[in-house]
Amino acid sequence: MDDSSLLWDDGALVTIDQRGLPHEVRELRLSTVDQVIDAIRTLAVRGAPAIGIAGAFGVVLATAAHTIEGVVDEAAVQAEADRIAAARPTAVNLAWAVRRVRAKVARGADAVLAETLDMLAEDGRVNRAAATNAADLVQRLCPDRPLRVLTHCNTGRLATSAFGTAIGTLRVLSERGAIEQVLVDETRPLLQGARLTTWELAEAGIPHRLTIDAAAAWAMASGQVDCVLVGADRVTANGDVANKIGTYGLALAARHHGIPFVVVAPESTRDPDMATGREIVVEERAAHEVIGFGGVATAPAQTEVFNPAFDVTPGELVTAVVTEDGVVHRSDAEHGTAIADTPRELRSDPPHGAAIADIARELYRRGWMPGTAGNISVRTGATAVVTGSGLSKGELTERDMVTVRVADSAPVSDHGRKPSAETTIHNAVYRTRPAQAVVHIHPPFATALATHSAVPGVLSAVRITDYELIKGLGGSDPAAADIPVFPNWPDVPRIGADIERYLLDHPDALPVLFIAGHGITAWGDNLPQARDRAECLEALCELVSRTGSPAAFGPRDDVLEIGLT
């Protein structure tokens, strides 16, 4: 197989059976839900991101199996999805991925498959971005020398879908000529390091040595390790990290010897809804994995066993958690310095805060975020970073951000700020669209046109036609744009609820909208795209206003049933 370890082929998930490695590279073809669950439980498919995507493909299979003459038995599919999500409890990615695709079940197997394939493509991009961010950080922490890096378990393309996280970081560092050697823990009891990581490193041409887990601390003490790189199965809101058993001991040894301990994982591995690692359910596995290996008994048959598959490393022992969004957690105690004295890449500022502040100041100068009006956000997995409330956008800094949960808008990290009142509008978009950024601004022409076209208490719409700029809004019709105008309720969460219902009922709606007297909202795959769409809408509204060009106004009869009265 190529760099991707998961493929969809003619109604089946095709992968490498990791139980056969390193001596046998055999293809595993999974065409039923039971086969997917069994592959996950028996570690034929393993690694948090990989089992998440495999679980999503399981939902595809379940949806196809429970569709008769085009009608989906949603209850049956959701029950199968519950079984898949419960296959392994510790890694958050499995539940995350199943939750993401089960929202598409009502639209049929093709819709679930399309979402899963999007997730598969995203995983490779996300892993490469996280690995690049981590490589940049490691080289800043350990400059001017080829690196001796210790890693634990397997975090490469076998554990993800492509490229890898911690091993992906090793690949980036190797491409830069920055690796002297990798020390690979064998990772008892199932030897994922010995069987899988050495195989992947050899495949990539990266020099490495295998060692027993018990030798890692001595390797640090004897000066053979510059940095420890590991992956994660779950990262809680306070930075605690669940990973393969043995990780906690490595972190303790690294702290004692003053060695950076860096965790590399996708945003989907972060669980902001879980406050600390004490809440993590640690999977315990069967005794036979410990009392023997490869069919050979290594202990008396009746020996009792303690066999946790994972441990939890406290966040204060972690130098940094790095995702595709950059450094999202770091231990303040690591260098004994205050945040202000620490390089920016090690600060605990919300990711994207600087970019949000830069664009906010730009839009303020244009008069589109006057005073304290307007807000901007960027999604970070299950959370979003949004501008703080009551702050002049002309003086905004990266420290003026609040991290909130997308699910309920509750703050996770606030730096003493309150989130903008319109946070519920942003999260309505994030809950219904794969958007990664939202811009809510008050440009004069768009605000005026929306207010002029509004019907009190009713969802109305503006139709703009025949401008080349319409293409910039991101719709499928380059000649016409139908843009909803939402009532401006005093209770802002009510506006957010209206928007969420509308977007759920109109999957093809443009990524822009008006709120009467309250500006415009636009979203996109990234912050520049969201800003550009907002700028495009304002330019169209200015053209309509200045030229008197046709723009139809009126109630939206097709959406009155959603209850905007």
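Side chains included, hydrogens not; waters and symmetry mates left out as well; all remaining heavy atoms used.
Pairing each heavy atom of L158 with each of Q18, the nearest pair is O-NE2, 2.8 Å. In terms of heavy-atom proximity, H152 sits nearest to L250 at CB-CD1, 3.6 Å. Here the shortest heavy-atom pairing between A134 and T169 reads CB-OG1, 3.5 Å. Taking both residues in full, the closest heavy atoms of D311 and G246 are given as OD2-N, 2.8 Å, listed atom of the first, atom of the second, then distance.
Side chain of N127 to main chain of A162: a donor-acceptor pair is present (N/O by atom type, distance under 3.5 Å, no hydrogens or angles). Remark: the backbone N or O of G223 is paired with a side-chain donor or acceptor of R148 at under 3.5 angstrom. When atom types are taken as modelled, the side chain of S174 and the backbone of L170 share no donor-acceptor pair closer than 3.5 angstrom. Put simply, the side chain of R431 gets close to the backbone of V406: a donor and an acceptor are under 3.5 Å apart.
Under 4.0 Å is where a charged nitrogen must lie from a carboxylate oxygen, and between D9 and R29 at least one such pair does. With salt bridges taken as basic N to acidic carboxylate O contacts below 4.0 Å, one links R102 and D82. Under 4.0 Å is where a charged nitrogen must lie from a carboxylate oxygen, and between R41 and D34 no such pair does.
E324 has its side chain out of reach of E122: every pair of non-hydrogen atoms, C-beta onward, lies at least 4.5 Å apart.
Remark: of the listed residues L6, V126, L94, D123, D123 is the sole one forming a side chain to side chain contact (heavy atoms under 4.5 Å, CB included) with P49.
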**Message:** The test is side chain to side chain donor-acceptor pair (under 3.5 Å); show your working for S268 and N93 and say whether it passes.
**Reply:** CA-CA 6 Å; S268 58; N93 305 66; 3.1 Å; yes
**Working for side chain to side chain donor-acceptor pair (under 3.5 Å), residues S409 and N427** = CA-CA 7 Å; S409 300; N427 283 338; 2.8 Å; yes
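Under 3.5 Å, the side chains of R270 and T323 contain no donor-acceptor pair of N or O atoms.
Residues passing the salt bridge (Lys or Arg N to Asp or Glu O under 4.0 Å) test with R107: none are found, sequence neighbours excluded.
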